[in-house]
Amino acid sequence: LAEHMQAAAAPVVDMLVGPRFALGAWVGDSIGGGGINLGAQDCHAAEKGAHTGDTSAAMLSDLGCQFVIVGHSERRTDHGETDSEVKAKAAAAQGAGLTAIICIGETEQERDDGKTFDVVKTQLHGSLPDGATAANTVIAYEPVWAIGTGRTPSNDEVQEVHALIRAELTQALGEDQAGGVRVLYGGSMKPENARDLIALPDVDGGLIGGASLKAEDFWAIAESCSG
């Protein structure tokens, strides 16, 4: 990926990779000078203290990270993370000079029950730190039922939720800031559908899971973003 970015006549997109912490230093060295940002998959809410097995945002910054994902659906499900915990992690990330990528999204049951809008609004407002701005915040919409399943909402459904997120951000941050917050789509985006998804008015990029495991697929998605 770094070689592709270096070979591009101009920066194709803003790209970052978020490896697990144990690989962070190695990945950071591998992409050094390649025009790709380094991120992490999670951080602890506390700046320091006795928290064995956790990693602070300050340590991620020292490692060279510019971004950190918080509130990923797997963290919310596997670790029972609440909106308030995600909010605290996002605030810690921003306090350490990192951009927080805040994940929100509904489960299949919640969608089937017609609760998508309610869940998305509740998670967004509950997870957004008081100091959030367009410069330090990215929102990623993850329809949980579409992650890694091959199922993808229709383009109209994706745009509908992203438009809702933009409207709620406007309410929370004001129009100027809300317009600058990047809202990513994170549910089974792949080379075959990336261009159509990225073309939607309120989709600013993708939070890529399975399709990022093959460099050529990830690069194809990046090229879709630039077109």
Side-chain angles (χ1 to χ4, degrees), residues 1-20 23-24 27 30-31 34-42 66-78 99 101-112 116 119-120 123 138-166 181-227:
L1 290 171
E3 290 170 358
H4 279 308
M5 287 289 278
Q6 288 174 324
V12 180
V13 289
D14 290 329
M15 178 183 283
L16 74 94
V17 291
R20 64 177 61 226
L23 299 175
V27 173
S30 298
I31 62 176
I36 300 176
N37 293 305
L38 181 65
Q41 297 177 4
D42 186 43
Q66 296 92 19
F67 295 81
V68 60
I69 300 167
V70 294
H72 190 280
S73 60
E74 291 166 5
R75 298 288 310 181
R76 290 180 183 267
T77 300
D78 297 346
T99 296
I101 302 174
I102 303 171
C103 299
I104 57 176
E106 81 283 11
T107 64
E108 184 173 28
Q109 187 64 57
E110 289 166 339
R111 172 166 280 270
D112 290 344
T116 294
V119 169
V120 167
Q123 288 186 351
V138 174
I139 303 298
Y141 168 56
E142 298 183 292
V144 179
W145 51 274
I147 300 171
T149 64
R151 295 180 58 195
T152 307
S154 70
N155 289 346
D156 287 343
E157 289 172 327
V158 172
Q159 169 55 25
E160 187 177 45
V161 177
H162 276 244
L164 171 72
I165 292 170
R166 189 78 67 190
V181 174
R182 285 174 286 188
V183 183
L184 312 182
Y185 174 70
S188 292
M189 183 182 284
K190 47 189 180 288
E192 294 78 11
N193 63 16
R195 190 173 297 278
D196 289 341
L197 288 167
I198 294 299
L200 298 174
D202 288 299
V203 176
D204 301 313
L207 183 72
I208 314 303
S212 70
L213 299 179
K214 295 182 179 179
E216 294 307 319
D217 286 350
F218 199 8
W219 185 251
I221 294 172
E223 291 185 312
S224 297
C225 295
S226 67

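- The CG atom of Leu184 sits 10.0 Å away from atom CD1 of Ile165, with the distance rounded to the nearest 0.5 Å.
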Between Glu108 and Val144, is the side chain to side chain contact (heavy atoms under 4.5 Å, CB included) condition met? List the steps. CA-CA 7 Å; Glu108 184 173 28; Val144 179; over 6 Å; no

Please step through side chain to side chain contact (heavy atoms under 4.5 Å, CB included) for the pair Thr116 and Leu164, ending with a clear verdict. CA-CA 11 Å; Thr116 294; Leu164 171 72; over 6 Å; no

Verdict with reasoning, Leu1 to Ile31, per side chain to side chain contact (heavy atoms under 4.5 Å, CB included): CA-CA 8 Å; Leu1 290 171; Ile31 62 176; over 6 Å; no

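- Taking all atoms of both residues into account, the shortest heavy-atom contact from Pro19 to Gly39 is CD-O, 3.4 Å.
- Looking at Glu106, its side chain never comes within 3.5 Å of a backbone N or O of Val120 through a donor-acceptor pair.
- Nearest heavy atoms, Pro143 versus Pro153: CG-CG, 4.0 Å.
- One side chain, His72 or Glu142, offers a donor N or O that lies under 3.5 Å from an acceptor on the other.
- A 4.5 Å side-chain heavy-atom check between Thr77 and Thr107 finds every atom pair outside the cut-off.
- For the pair Gln41/Glu74, no side-chain contact is recorded, criterion being any heavy-atom separation below 4.5 Å from C-beta on.
- Contact detail for Ile36 and Ala2: the closest heavy-atom pair is CD1-N, 3.5 Å.
- Contact detail for Ile221 and Ile208: the closest heavy-atom pair is CD1-CG2, 3.9 Å.
- Atom CG of Asp196 and atom OG of Ser154 lie 12.0 Å apart (nearest 0.5 Å).
- Donor-acceptor pairing under 3.5 Å is lacking for the side chains of Glu110 and Trp145.
- Summarising the geometry, atom OG belonging to Ser73 is positioned 3.5 Å from atom CD1 belonging to Ile147; distances are rounded to the nearest 0.5 Å.
- Partner Leu16 forms a side chain to side chain contact (heavy atoms under 4.5 Å, CB included) with one of Ile101, Thr99, Val138, Leu38 and no other, that one being Ile101.
- Enclosure of atom CD in Glu3 is not indicated, since only 12 or fewer non-hydrogen atoms of other residues, nucleotides or ligands lie within 6.0 angstrom.
- Annotation: the span from Ile69 atom CD1 to Arg75 atom CZ amounts to 11.5 Å, rounded to 0.5 Å.
- Formation of a donor-acceptor pair under 3.5 Å by the Arg166 side chain with backbone atoms of Val181 is found in this model.
- A donor-acceptor pair under 3.5 Å is absent between the side-chain atoms of Asp202 and the main chain of Gln159, judged by distance alone.
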Show your working on side chain to side chain contact (heavy atoms under 4.5 Å, CB included) between Met15 and Trp219 and close with a plain yes or no. CA-CA 10 Å; Met15 178 183 283; Trp219 185 251; 4.0 Å; yes

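- We find the CG-NZ distance between Asn193 and Lys190 to be 4.5 Å, quoted to the nearest 0.5 Å.
- Of the inter-residue distances, the one linking Met189 atom CE with Phe218 atom CZ reads 10.5 Å to the nearest 0.5 angstrom.
- Considering all non-hydrogen atoms of both residues, Asp217 and Pro191 come closest at O-CG, 3.6 Å.
- Applying the 6.0 Å contact sphere to CZ of Arg182 captures no more than 12 heavy atoms from other residues, nucleotides or ligands.
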